[in-house]
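Below: one structure, written as structure tokens.
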There are 2 protein chains.
Amino acid sequence: MSKARLPIPEPEPARIFAALGDRTRLSLLTRLSDGQPRSIAALSVDTNLTRQAVTKHLHVLEEAGIVRSTRIGRESRFTYRPEPIAEAKSYLDRVTAQWDDALLRLKHFVEDDPGGGRSA
Amino acid sequence: MSKARLPIPEPEPARIFAALGDRTRLSLLTRLSDGQPRSIAALSVDTNLTRQAVTKHLHVLEEAGIVRSTRIGRESRFTYRPEPIAEAKSYLDRVTAQWDDALLRLKHFVEDDPGGGRSA
DNA sequence: AGAAAAGGCAACTTATTGGTTGCATATCCG
DNA sequence: CGGATATGCAACCAATAAGTTGCCTTTTCT
């Protein structure tokens, strides 16, 4: 039994965040998140970078699972995939939840113990 | 009138995401997000990295505004700051919102035009 | 067929990152 | 005071990232 090949490697949060950690890639992301597939050429206009630079950024996004590429004729179309962004949000939600939980505990501690716990 | 100095540079989303794009820093973040300030030494135990490596990661988090450091006696305490994480979530929410919006438009388009818009 | 359009691939350069070691400084404590 | 604790600072190193240029292949379109 060989391990089933995953079509998409399900990248960990760190890889997703790293892919988002660049202005150019965030810009590409916001353009693609309207659901419209776009070619590299289309994504390269309105940028001062070369087509190859844009290509590299798109590959970074693709390896993070944030976009998918499909070759159609002579062009390759990049399409937004929502799952990794959802995973990133979920991760941040857990961080926030732990923080909120800590605040709540502190509040209860103070309220339930007006003396602040000091025995003196 | 000189521009008022911001105590914290209010980093852009890309910088925040970049700071989150590393396993070690995510690990430090989850430890600090319980609200407890910790010294560098305390954050360096349970890691195979050197203290200086941890220090560098903490500085990256600090420059992204995610933690704040305060020197107390001979040690510097790092404390979690929730604002940048909230900003990151808000950014991802906007991406998701645009995506959802696009899906909704598509749904309406299909429902309002059962012929798919093809005149032939 | 032949030019134009869209990409892929590879080599190369520069800057940044992640990590290390060594040493100096500041505190705390008995 | 003097040792242990906690950190800061600087130099240095290897790997990766960001971006470029040059060239070759595949499609389209007329």
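First the proteins, then the strands, lettered A, B, ... as listed; each starts at 1.
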Members of residues 26-35 of chain B that approach DNA chain C, where some heavy atom sits under 4.0 Å away: none
Contacts of A:A19 that satisfy side-chain contact (heavy atoms from CB on, under 4.5 Å) - sequence neighbours left out: A:V60, A:L61, A:A64, A:I66
To the nearest 0.5 Å, what is the distance between CG on A:N48 and OG1 on A:T24? 8.0 Å
Taking five pairs at each end, how big is the angle between the two axes of the helix from C:dA1-D:dT30 to C:dG30-D:dC1, to 10°? 30°
Between B:S76 and D:dA6, is there a side-chain N or O to OP1/OP2 distance below 4.0 Å? no
Nucleotide by nucleotide, 5' to 3', does protein get under 4.0 Å of the base (B), only the sugar-phosphate (S), or neither (-) in nucleotides 17-30 of chain D, counting heavy atoms? -SBBBB----BS--
Applying ring pair (Phe, Tyr, Trp, His ring centres under 6.0 Å), can you list everything that pairs with B:Y80, at least two apart in sequence or on another chain? A:W99
For the side chain of A:T47 and the backbone of A:S44, is there at least one donor-acceptor N/O pair under 3.5 Å apart? no
What residue pairs, at least two apart or across chains, pass salt bridge (Lys or Arg N to Asp or Glu O under 4.0 Å) with a residue in residues 17-37 of chain B? A:E12-B:R23, B:D34-B:R38
With B:S90 via side-chain contact (heavy atoms from CB on, under 4.5 Å) - residues at least two apart: B:R94
With hydrophobic residues grouped by side-chain heavy-atom distances under 4.5 Å, do A:L106 and A:V95 end up in a single group? no
Give every residue pair that meets the ring pair (Phe, Tyr, Trp, His ring centres under 6.0 Å) criterion with at least one member in residues 31-79 of chain A, sequence neighbours excluded. none
Under the side-chain hydrogen bond (donor to acceptor under 3.5 Å, both in side chains) test, which residues partner A:E83, sequence neighbours left out? A:R81
Report the residues that fulfil side-chain contact (heavy atoms from CB on, under 4.5 Å) with A:R74, sequence neighbours left out, ordered by chain and then residue number. none
Note: chain A reaches DNA chain C at heavy-atom distances under 4.0 Å over the stretch, first to last nt, 5' to 3', of C:dA5 to C:dC9
Salt bridge flag under 4.0 Å for residues A:D93 and A:K89: no
Name all residues meeting the side-chain contact (heavy atoms from CB on, under 4.5 Å) criterion together with B:A53; count only those two or more places apart in sequence or in a different chain, and write none if there are none. B:L49, B:T50
